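Report on one structure; see the data block that follows.
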Amino acid sequence: MATPKILKKRGRKKKNPNPEEVNSSTPRGDDSENRSKFYESASARMRTVTAEERERGITAAKTYEPTNPFFRVVLRPSYLYRGCIMYLPSGFAEKYLSGISSFIKIQLGEKLWPVRCPYKAGRAKFSQGWYEFTLENNIGERDVCVFELLSTRDFVLKVTAFRVNQYV
């Protein structure tokens, strides 16, 4: 009698991380204090803004013309919540970020934040680190951010934020 052949599963092995070591932007477990802090911070950044207030923020941002290459972004909810990913304008990405494969630096004031910015097929996006940057700087919906390229060697983008609540 032949012994049965044991088939091996193909594909990647699933990682089984220790839940206490998982670093996530959403609260986990029974820690109600952390959970409430997370949702308070997210809801505090949600804003009800009139069309007039939004226009004032956009107009203020348009008057700012840096001498270095730059792009402007009006922050949408999808850039700030859930997956917290922001795609960069493809024209800017193709021209200046085509050599990027991992982290760049975002500067607001004197502080720098490392933000993952993978570039693939003409598109770049901010992912890991972007949420922390927006949270620490109280960047919210409808704010307009101007990203100015300061250094192509170290890939530093200076952020100038035009906050909607400044014009309320």
Side-chain angles (χ1 to χ4, degrees), residues 10-19 21-28 38-39 41-47 49 54-55 57-166:
R10 290 187 173 184
R12 292 183 178 172
K13 289 183 179 179
K14 290 184 180 180
K15 292 182 180 179
N16 192 6
N18 180 349
E21 294 176 6
V22 173
N23 183 10
S24 174
S25 61
T26 59
R28 293 186 184 267
F38 172 81
Y39 290 112
S41 66
S43 63
R45 296 180 335 153
M46 291 183 189
R47 300 183 181 147
V49 181
R54 187 177 68 234
E55 277 305 310
I58 291 170
T59 302
K62 283 182 178 178
T63 61
Y64 180 67
E65 290 281 334
T67 54
N68 294 319
F70 70 96
F71 63 93
R72 291 182 192 95
V73 175
V74 178
L75 296 176
R76 298 175 169 191
S78 61
Y79 302 162
L80 301 167
Y81 315 116
R82 301 193 89 184
C84 204
I85 292 173
M86 185 183 86
Y87 282 92
L88 281 57
S90 58
F92 186 89
E94 287 175 5
K95 191 168 185 178
Y96 301 106
L97 301 176
S98 62
I100 295 293
S101 61
S102 61
F103 284 83
I104 65 168
K105 295 176 184 112
I106 296 180
Q107 177 182 343
L108 186 73
E110 297 299 317
K111 189 171 177 185
L112 292 169
W113 284 263
V115 175
R116 188 160 188 258
C117 184
Y119 174 89
K120 185 176 181 180
R123 297 188 77 188
K125 64 182 176 182
F126 290 157
S127 57
Q128 184 181 347
W130 170 245
Y131 175 77
E132 289 77 12
F133 170 79
T134 62
L135 197 62
E136 287 181 36
N137 292 289
N138 197 28
I139 305 282
E141 288 180 38
R142 309 287 186 248
D143 287 347
V144 182
C145 290
V146 178
F147 295 86
E148 178 183 0
L149 183 62
L150 294 183
S151 169
T152 54
R153 192 184 74 188
D154 297 329
F155 288 103
V156 177
L157 289 172
K158 176 185 171 188
V159 179
T160 304
F162 295 87
R163 302 170 195 278
V164 171
N165 61 2
Q166 284 179 311

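Keep in mind that what you see is a predicted model, and the values were worked out from it rather than measured. The basis for the numbers below is simple: all heavy atoms, side chains too, and nothing from hydrogens, waters or symmetry mates. All residue numbers refer to positions in the sequence shown, counting from 1.
Looking at every heavy atom in both residues, Glu148 comes nearest to Thr67 through OE2-N, 4.3 Å. Closest approach of Ala124 and Ala93 over heavy atoms only: CB-CB, 3.8 Å. In terms of heavy-atom proximity, Leu75 sits nearest to Gly140 at CB-O, 3.8 Å.
A distance of 4.5 Å separates CD1 in Ile139 from SG in Cys145, rounded to the nearest 0.5 Å. In this structure, CG in Leu88 is found 7.0 Å from CG in Leu157, a value given to the nearest 0.5 Å. To the nearest 0.5 Å, atoms OG1 (Thr134) and CD (Glu141) are separated by 11.0 Å.
With sequence neighbours excluded, the residues forming a ring-ring contact (aromatic ring centres under 6.0 Å, His included) with Phe126 are Trp130, Phe147, listed by chain and number. Residues forming a ring-ring contact (aromatic ring centres under 6.0 Å, His included) with Phe92 (at least two apart in sequence, or on another chain): Phe71, Tyr96. Under the rule for a side chain to side chain contact (heavy atoms under 4.5 Å, CB included), the partners of Tyr87 that lie at least two apart in sequence or sit in another chain are Ile85, Arg123, Lys125. Every residue two or more places apart in sequence or in another chain was checked for a salt bridge (Lys or Arg N to Asp or Glu O under 4.0 Å) with Arg116, and none qualifies.
Inter-residue side-chain proximity for Gln128 and Cys117 is flagged as unmet; no heavy-atom pair is nearer than 4.5 Å. When side chains are defined from C-beta on, Tyr119 counts as touching Glu94, because their heavy atoms get closer than 4.5 Å.
Applying the salt bridge (charged side-chain N to carboxylate O under 4.0 Å, His left out) definition to pairs two or more places apart or across chains, those involving residues 69-80 are Glu65-Arg72.
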Please tabulate, for side-chain N and O atoms in residues 105-113, each donor-acceptor pair with protein atoms closer than 3.5 Å (sequence neighbours left out).
| residue | atom | partner | partner atom | Å |
| --- | --- | --- | --- | --- |
| Gln107 | NE2 | Gly109 | O | 3.0 |
| Lys111 | NZ | Glu136 | OE1 | 3.0 |
| Trp113 | NE1 | Glu136 | OE1 | 3.1 |

